[in-house]
Protein chains: 2
Amino acid sequence: MTPRQPVDSGSTPIWARPEPPARRTPHPLSRELIVGAALELADADGLEGVSIRRVAAALEVGPMRLYGYVDTKDELLDLMADAVYAEIVPPAAHLSPDWRAGLRLIAGLTRRAALRHEWFPELLGGRPHLGPHALTALEARLSVLSTVPNLTGRPAALRRAAAAFHAYLVGALRTELAERQADRVEGRSEEQWRDAMSPYLRQVLDEGRHPHLAELVVEGEHPTPGAEFEAGLEIVLDGIAAQVS
Amino acid sequence: MTPRQPVDSGSTPIWARPEPPARRTPHPLSRELIVGAALELADADGLEGVSIRRVAAALEVGPMRLYGYVDTKDELLDLMADAVYAEIVPPAAHLSPDWRAGLRLIAGLTRRAALRHEWFPELLGGRPHLGPHALTALEARLSVLSTVPNLTGRPAALRRAAAAFHAYLVGALRTELAERQADRVEGRSEEQWRDAMSPYLRQVLDEGRHPHLAELVVEGEHPTPGAEFEAGLEIVLDGIAAQVS
DNA sequence: GTATCGCTCGATACACTGTATCGACAGAGT
DNA sequence: ACTCTGTCGATACAGTGTATCGAGCGATAC
């Protein structure tokens, strides 16, 4: 009797599943509303602050209500990630013919989005992101990269460059944001790093078995995370430029 | 893990905390035993299969018993990650004077470890890894990179190169393993990718708004993940080599 | 040899989590 | 006016991490 939800809904991604029709209830819902509430929670308390129950509570609705719009919590996270990707799509008008500038723009947009939504890098590189905005962002990366002299008309090389570029973004942002959060938890401020260095680390370095690491920690200027990110980006850009054959 | 409040800031990290003395009980315990059991669970069922209760059960011990050896589940995950780092430290004897070969070796070891422990990339780039083996692996990376002509004696440039190299590893492995797991869940085999491409993706591409992406999907040969990883690595190595000034 | 102390163990409890189930209810169709 | 059908959400289940605290035991003191 109960109309079974088509069991293959597990194989149909949420992006291909229509949202239930709007209904006039004391608290109307939509995927957009749900994702909006989830984003707010995540921005405030991190990903751990997002639970089906809390999102529902923020919308003044029973928890089970959400499952009409989303099959699973992971799908909600997918929607949240895609919402961030929407902030990353570069305005086409500003794409200069200079591919390095184009990639710098994309990388900068991605990093800014990650700083606005510190939980985003935790999702980056997790389950594949195939939402509409993620695909548009991917297309933008490919579009810029396809103008690199050595890559035009060489799809395989293009794919490799795009993968490497994206891998750098994922790894760099994930690492930076995780460190930022760890520092915040331990109450370290950016400038006091060496003074506040944990006694443990100092002890390990004093043992003298990590000479290169010790030199790095001792050595004077610690650049800002932003500068570090951009410096690494230049390395990747140089590597892409160097791809010949 | 739910009550995230008492983060206990400033307390000594687990690496600096001695383990409680061994005790003769029906089921003697040690961090090594605990981590071993946790690794087995994670290798079998993924990170989601690791819970304090399950680890304890595998050791035929009450759950709370573990909290004498570990303050928090996150600390257990730290220990697990460090155990994997132990597999990554390159045998010093095999480090050739060729820095590119050295970095290829390290990258290969890291990838092999990630394939052995598919959950490892999920931890990579999460909370900072400061365990003894992680530090040794970091020192190895720095040691190899310090032999790059342009980097010797330039700590700041060395740091940037090391960060970029590691960011690539984190991003590439995380992405590759996540895709591998998603494919496994959906029962896709590697060769049938295009045929089994989800109708959703095909439909999006057919709309024609992602020409570059469409070309990549259509274009013939999909290289193995390993080849893709190595190709991206070459890009990063080229970028490091190109760092002058 | 006995008494005491201190410490470890783990059962129980608490506050959560994601989600399956299913009775009750409301809106549409006849 | 009366079905019928589909949505809603209270309740329930099986799990999670971990705080608490009484019981019991090993080592020490007398």
Side-chain angles (χ1 to χ4, degrees), chain A residues 1-7 9-10 14 17-31 33-34 37-38 41-42 45-80 119 127 185, chain B residues 1-8 11 14 17-31 33-34 37-38 41-42 45-80 119 126-127:
Chain A
M1 278 316 129
T2 332
R4 249 347 116 142
Q5 192 75 357
V7 181
S9 74
I14 191 169
R17 246 165 35 226
E19 165 161 35
R23 223 152 261 280
R24 300 191 291 103
T25 73
H27 296 283
L29 271 190
S30 68
R31 279 182 189 159
L33 279 171
I34 294 174
L41 280 173
D45 306 326
L47 264 198
E48 314 252 319
V50 177
S51 81
I52 295 283
R53 285 168 156 88
R54 268 201 279 258
V55 173
L59 296 163
E60 300 183 90
V61 140
M64 285 298 123
R65 185 85 185 279
L66 303 192
Y67 284 98
Y69 299 81
V70 139
D71 269 5
T72 232
K73 188 193 179 183
D74 280 348
E75 279 191 351
L76 173 57
L77 296 180
D78 287 347
L79 291 176
M80 293 169 64
W119 45 270
R127 54 206 324 253
V185 159
Chain B
M1 196 126 53
T2 315
R4 177 142 298 287
Q5 203 49 352
V7 185
D8 202 342
S11 83
I14 191 169
R17 243 163 37 224
E19 170 161 31
R23 223 153 260 281
R24 298 191 294 102
T25 74
H27 295 283
L29 233 48
S30 69
R31 279 182 190 158
L33 278 172
I34 293 175
L41 280 174
D45 307 326
L47 265 197
E48 315 250 318
V50 178
S51 79
I52 294 285
R53 285 167 157 88
R54 268 202 278 259
V55 173
L59 296 164
E60 300 183 87
V61 140
M64 294 320 278
R65 185 86 183 279
L66 304 193
Y67 284 99
Y69 299 81
V70 139
D71 268 5
T72 233
K73 189 195 177 182
D74 280 347
E75 279 191 351
L76 173 57
L77 296 180
D78 288 346
L79 291 175
M80 293 169 64
W119 45 270
R127 56 208 321 254

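These numbers were taken from a predicted model, which means no experiment stands behind them. Residue numbering restarts at 1 for every chain, and letters A, B, ... go by the order of the sequence lines.
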Any chance you could measure A:E75, atom CD, to A:I34, atom CD1, to the nearest 0.5 Å?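 Going from the CD atom of A:E75 to the CD1 atom of A:I34 covers 11.5 Å.
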[X] [atom1] to [N] [atom2], straight-line distance once rounded to whole Å:
| X | N | atom1 | atom2 | answer |
| --- | --- | --- | --- | --- |
| A:Y69 | C:dT19 | OH | P | 18 Å |
| A:K73 | C:dT19 | NZ | P | 8 Å |
| A:I34 | D:dC8 | CD1 | P | 11 Å |
| A:Y67 | C:dA20 | OH | C1' | 10 Å |
| B:E60 | C:dG10 | CD | P | 12 Å |
| A:L76 | C:dT19 | CG | P | 10 Å |
| B:I52 | C:dG10 | CD1 | P | 15 Å |
| A:L66 | C:dA20 | CG | C1' | 15 Å |

If you measure from the Lys or Arg side-chain nitrogens to the Asp or Glu carboxylate oxygens, is any gap between A:D45 and A:R54 under 4.0 Å?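 No, A:D45 and A:R54 are not salt-bridged.
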Any side-chain heavy atom of [X] sitting closer than 4.5 Å to one from [Y]?
| X | Y | value |
| --- | --- | --- |
| B:D71 | B:R17 | yes |
| B:I14 | B:L76 | no |
| A:L77 | A:L47 | yes |

Counterpart residues, salt bridge (Lys or Arg N to Asp or Glu O under 4.0 Å), relative to B:R127 (two or more places apart):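 By the salt bridge (Lys or Arg N to Asp or Glu O under 4.0 Å) rule, B:R127 matches B:D78.
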Ignoring backbone atoms, test whether A:S51 places a side-chain nitrogen or oxygen under 4.0 Å from the OP1 or OP2 oxygen of C:dC16.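 For C:dC16, neither OP1 nor OP2 has a side-chain N or O of A:S51 closer than 4.0 Å.
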Under 4.0 Å between a side-chain N or O of B:T72 and OP1 or OP2 of D:dT18?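 Looking at the OP1 and OP2 atoms of D:dT18, one of them is under 4.0 Å from a side-chain N or O of B:T72.
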Where do N or O atoms of nucleotides 9-13 of chain D meet protein N or O atoms at under 3.5 Å, pair by pair?
{"unit_1": "D:dA12", "atom_1": "N6", "unit_2": "A:R53", "atom_2": "NH2", "d": "3.4"}

